[in-house]
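One structure is given below, encoded as structure tokens.
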Amino acid sequence: SGKQKQYYTEITDALRLYIERRFGIKTIERTSNEILTDLSMKELRPEDFGQLKELFSMADLVKFAKYTASESENENAVPAAVRFVNGTCADMEEKKDE
């Protein structure tokens, strides 16, 4: 359980850094809900936003509610983070080309 907390903390910390740099949203010392609220104002595909919301919710449960994630939830966490970055990074590349 201590390892799960560290695992989800490292994933969400990496995502927070990416979100701050990619979208210009302050993420330090802010809750997941505050970050998601700010992100909801950005032009994100619903599937990208939904995946991030799901991942942040799972991470918050593990980190703060002593939830023990299943093996499949753990296995999906990194791929979900990668899908979010890839999905929103592609949007960024398309805007550069316009």
Side-chain angles (χ1 to χ4, degrees):
S1 133
K3 290 184 179 181
Q4 276 195 357
K5 184 175 179 179
Q6 180 181 353
Y7 177 70
Y8 283 95
T9 297
E10 289 179 16
I11 293 169
T12 55
D13 284 353
L15 283 169
R16 285 169 174 261
L17 182 61
Y18 170 76
I19 290 166
E20 190 159 318
R21 290 181 177 171
R22 165 65 178 89
F23 297 100
I25 293 172
K26 296 292 181 198
T27 59
I28 305 303
E29 309 250 341
R30 299 194 63 214
T31 66
S32 297
N33 282 339
E34 290 171 330
I35 295 166
L36 289 168
T37 297
D38 285 353
L39 261 180
S40 70
M41 307 297 180
K42 304 291 182 180
E43 290 184 30
L44 287 175
R45 294 181 308 197
E47 59 269 22
D48 291 330
F49 184 81
Q51 283 184 349
L52 183 69
K53 185 176 181 179
E54 213 173 280
L55 179 56
F56 272 5
S57 295
M58 173 63 57
D60 286 350
L61 286 172
V62 170
K63 294 188 309 186
F64 306 117
K66 298 183 182 177
Y67 176 77
T68 300
S70 69
E71 189 174 323
S72 66
E73 289 169 327
N74 290 333
E75 288 174 357
N76 188 49
V78 170
V82 170
R83 281 192 302 273
F84 174 77
V85 171
N86 286 341
T88 57
C89 193
D91 292 345
M92 194 164 88
E93 292 300 318
E94 288 172 11
K95 288 180 181 176
K96 281 184 183 177
D97 293 340
E98 291 177 355

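When reading the values below, keep in mind they use all heavy atoms of this one structure, side chains included, and skip hydrogens, waters and symmetry mates.
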Pair listing, side-chain hydrogen bond (donor to acceptor under 3.5 Å, both in side chains) test, anchored in residues 53-62, at least two apart
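For residues 53-62: Ser32-Asp60.
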Are Val78 and Tyr67 connected in the hydrophobic side-chain network, where two residues link if heavy atoms are under 4.5 Å apart?
yes
Is Leu52 linked to Val82 within one hydrophobic cluster, defined over Ile, Leu, Val, Met, Phe, Trp and Tyr using a side-chain heavy-atom separation of less than 4.5 Å?
yes
Any non-hydrogen side-chain atom of [X] less than 4.5 Å from a side-chain atom of [Y]?
X     : Y     : value
Leu55 : Phe84 : no
Glu34 : Asp38 : no
Arg83 : Asn76 : yes

What's the shortest heavy-atom distance between [X] and [Y], and which atoms?
X     : Y     : answer
Tyr7  : Asn74 : OH-O, 2.8 Å
Glu73 : Met58 : OE2-CE, 3.0 Å
Ala77 : Tyr8  : CB-CE2, 3.8 Å
Lys26 : Ile35 : O-CG1, 4.4 Å

Report the distance from atom [atom1] of [X] to atom [atom2] of [Y], rounding to the nearest 0.5 Å.
X     : Y     : atom1 : atom2 : answer
Leu36 : Ile19 : CG    : CD1   : 7.5 Å
Asp13 : Ile28 : CG    : CD1   : 7.5 Å
Leu39 : Asn33 : CG    : CG    : 12.0 Å

Quick check: does any side chain N or O of Gln4 sit under 3.5 Å from a backbone N or O of Val62, one acting as donor and the other as acceptor?
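No.
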Glu75: what forms a salt bridge (Lys or Arg N to Asp or Glu O under 4.0 Å) with it, not counting sequence neighbours?
none
Are Gln6 and Glu10 linked by a side-chain donor-acceptor pair shorter than 3.5 Å?
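A pair is found: one side chain offers a donor N or O, the other an acceptor, under 3.5 Å apart.
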Pair Lys42-Thr88, side-chain donor/acceptor within less than 3.5 Å
no
